[in-house]
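Below is one structure, written out as structure tokens; the observations come after it.
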2 protein chains.
Amino acid sequence: MEMTERKKKVLRSVVDLYIRTAEPVGSKAITELPDMNYSSATIRNEMADLLTMGYLEQPHTSAGRIPSAAGYRLYVDELMADYRLSMDETKSINTAIEEKMQQVDRLVEKVAKLVSQATDLPAISMAARRGGATATRFEVIPAGAGSVILVVMLSDEQVLNKLIKLPLSVTQSDLQVLSAVLNATLTGLSPEEFTPELLQKVMNSAGEAASLVPVIMDFTAEALSKQANANVAVAGQMRLLGQPEYRDAKKAQRVLTKLDEDALANLPAVLENGNGTKVLVGPENITQELKDTSVVMTKFDIGDGMQGLIGVVGPTRMDYAKVTARLSYFAESLSKMFAKPEQKQLPGGKDEEA
Amino acid sequence: MEMTERKKKVLRSVVDLYIRTAEPVGSKAITELPDMNYSSATIRNEMADLLTMGYLEQPHTSAGRIPSAAGYRLYVDELMADYRLSMDETKSINTAIEEKMQQVDRLVEKVAKLVSQATDLPAISMAARRGGATATRFEVIPAGAGSVILVVMLSDEQVLNKLIKLPLSVTQSDLQVLSAVLNATLTGLSPEEFTPELLQKVMNSAGEAASLVPVIMDFTAEALSKQANANVAVAGQMRLLGQPEYRDAKKAQRVLTKLDEDALANLPAVLENGNGTKVLVGPENITQELKDTSVVMTKFDIGDGMQGLIGVVGPTRMDYAKVTARLSYFAESLSKMFAKPEQKQLPGGKDEEA
DNA sequence: GTTAGCACTCTTTTCCCCTGAGTGCTAAGC
DNA sequence: GCTTAGCACTCAGGGGAAAAGAGTGCTAAC
């Protein structure tokens, strides 16, 4: 059986209506649409065809039709109308970003929250570094009685610091020697190169302050290997409960629990391939738990070797056009924001307190 | 009517059973308990009394009884058996804390997650500073071409840093002058004291690097006033969905949405008064949305002028004995951990990346 | 003071019937 | 050869009655 234009038109109508109503769509409802100048019988024939072609499903014999996964797929790839964001929408997204993004603290969490608000669905957000960083500069400065502060600059312009309490007293010049040695030996190295032999070597040349070296190297190596890890946040989980398909809490719980575990574990891999917006419809998700759930994600560059990803999770019957449009706009705005030099406040970090 | 020992015993049994089964408790069920050597008729009489006294409620005429808020209150305050944590429980809490708390990143989130796991309920966690901090030391160090790093030490031993790109070039000695001026003028001040006049004064004496001063003062003032704010996290929201009283997603959504908003807004006030474990039963919560929900919280000191709070949210029918026991143990372990100097890794901060 | 007995109340479950939405098919119409 | 009207058929969902079950309240006896 071949796919005619009219079949596509019918399929699109079915998906559109189902997205709006969450109820199986009957032939009559289709005929009542504008631009549908056929009788219900004709539509019924077309729908029967679409059923055998696998684009529609029938919950039971005498019910309307709902899109199958394949139907959604076709809809997403070819059929859905471009959703143009209204002025209001772009404005509210823009102001939200501007208001919330002033402080650089916990950016991924904030982004996730904003995306969730903008789509009224659970959202994930992630930032990850593309390549591994190395240390570019060390500085050890005195910090009052019995303490020094270690400052490490990384190749990606992050700045880390650590307060070290001294078991012994060292002089300012000891620290200068130490800083010089660190800068000479440890810059440009990957975490794997922080071997015990290297530690020995550095300690030998570090003079009086040698006892600080193990702490410093541990800290640096750990920080560097952590770079590779992603920074993931999930927000707005409870919005899933607003969707009629999750009126049953058990069902929602399964999805949300999975989301919690997996967002953190599996997402980094997703970043690897391909840019742009991606839609995973129901069963295309690998895990069984997300069989009735779709994921829409956008990946984008945010400069400085960082990649961002934002995405939302919702029922297969979600408004793909709206969601993808908002998500793309969001991604675009974020990229722009990070590209603007006056907003780029990158390493204005702040310690987590203990 | 007076409260006899037997009445208390019956009340305790009703609450215990209701916590276990989530079903109204009938007189027959009570008689089947060990140590209950009375007939169902006797129990019925006692239950009728407890009903008129307001400790029990009756969903409808021919149903069993469920505890009222007052009933829970009495149960929590007087009746419930001490729950002794098993070796397994203490061990799993301890190892969880040890494993997860190694990195100081995002501590509140991690704690919330752990508490939620330990209790199988949504959890909140918070860390807040008791008094306002001040800056104790400034250091401006060169960081390669056209950049300097500002390091600020706070009175609470946090260390903040910020990378500043220079619009102009300054020499090392300029920076030393600047550091000296900053240390002389800005240490020990509360954020309110960062006035425009002070800014002017500092700039006048800062020499070549004067153009850096506004950025530095803004950053410091903001960091200091942020100190006062609390650091709140919520985790495991979806665990609420496992509770039978929230099988209806709508209900769960109301509570969870409230939790999301309010945990961040209202909790800091809670920290103000009284230490120890506290139970808020259903209607004792101020907000209407939490009427059928109980909150158990523990506040504790974690040294360094910091206070911690952990808590869980669940149905009024929750296992108070178990939850309070686990929560207290958690609080205790955390305090201990933070008190141990070798684990105290306080300002080993790490920047959030953009 | 305690308990057995029993009538009574109310929810929950089950069953049945009916209604309505929607289909599939056939035969007629353009 | 499409398209459409017509009609029999199917099935989910709602309403209501009846039956089942759990538990109470009360009375009278122990």
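Sequence lines set the chain letters: A, B, ... in the order given, protein chains first and strands last, and positions in each chain run from 1.
Heavy-atom distances to DNA chain C give each of B/His60 and B/Arg6 a nearest nucleotide, and the one nearer the 5′ end belongs to B/Arg6. Toward the 5' end of DNA chain C, the nearer of the two residues B/Asn45 and A/Leu51, judged by each one's closest nucleotide, is B/Asn45.
Summarising the geometry, the separation between CD on A/Glu23 and P on C/dG22 is reported as 9 Å, rounded to the nearest angstrom. Here D/dT4 presents its C1' atom at 16 Å from CE of A/Met36, a figure rounded to the nearest Å. Note: OH (B/Tyr38) to C1' (C/dG1) measures 10 Å, nearest angstrom. Atom-to-atom, CG of B/Asp49 to P of D/dG25 comes out at 10 Å; the value is rounded to the nearest Å. Counting to the nearest Å, the C1' atom of C/dC8 and the CD atom of B/Gln58 are 13 Å from each other. Rounded to an integer number of Å, the gap from CG of A/Asn37 to C1' of C/dC30 is 16 Å. Rounded to whole Å, atom P of C/dC25 lies 15 Å from atom CE of A/Met47. In this structure, the CD atom of B/Glu57 is 17 Å from the C1' atom of D/dT24, given to the nearest Å.
Closest non-hydrogen pair, B/Leu114 versus B/Ala96, comes out as CD2-CB, 3.8 Å.
No side-chain N or O of B/Ser40 forms a donor-acceptor pair with one of B/Thr31 less than 3.5 Å apart. When only modelled atom types and interatomic distance are considered, B/Thr316 and B/Ser294 share no side-chain donor-acceptor pair under 3.5 Å. No donor-acceptor contact under 3.5 angstrom links the side chains of A/Tyr18 and A/Ser13, judged on distance only.
Of the side-chain N and O atoms in B/Thr61, one or more sit less than 4.0 angstrom from OP1 or OP2 of C/dC10. Between A/Thr42 and D/dT3, a side-chain N or O to OP1/OP2 separation shorter than 4.0 Å is absent. A/Arg65 has a side-chain polar atom (N or O) that falls below the 4.0 Å cut-off from OP1 or OP2 of C/dG24. For the pair A/Ser27 and C/dT23, the criterion of a side-chain N or O lying under 4.0 Å from OP1 or OP2 is met.
Annotation: cation-pi geometry satisfied between B/Arg6 and B/Tyr38 (NZ/CZ under 6.0 angstrom from ring centroid, within 45° of ring axis).
Side-chain atoms of B/Ser62 and base atoms of C/dT9 include a donor and an acceptor less than 3.5 Å apart.
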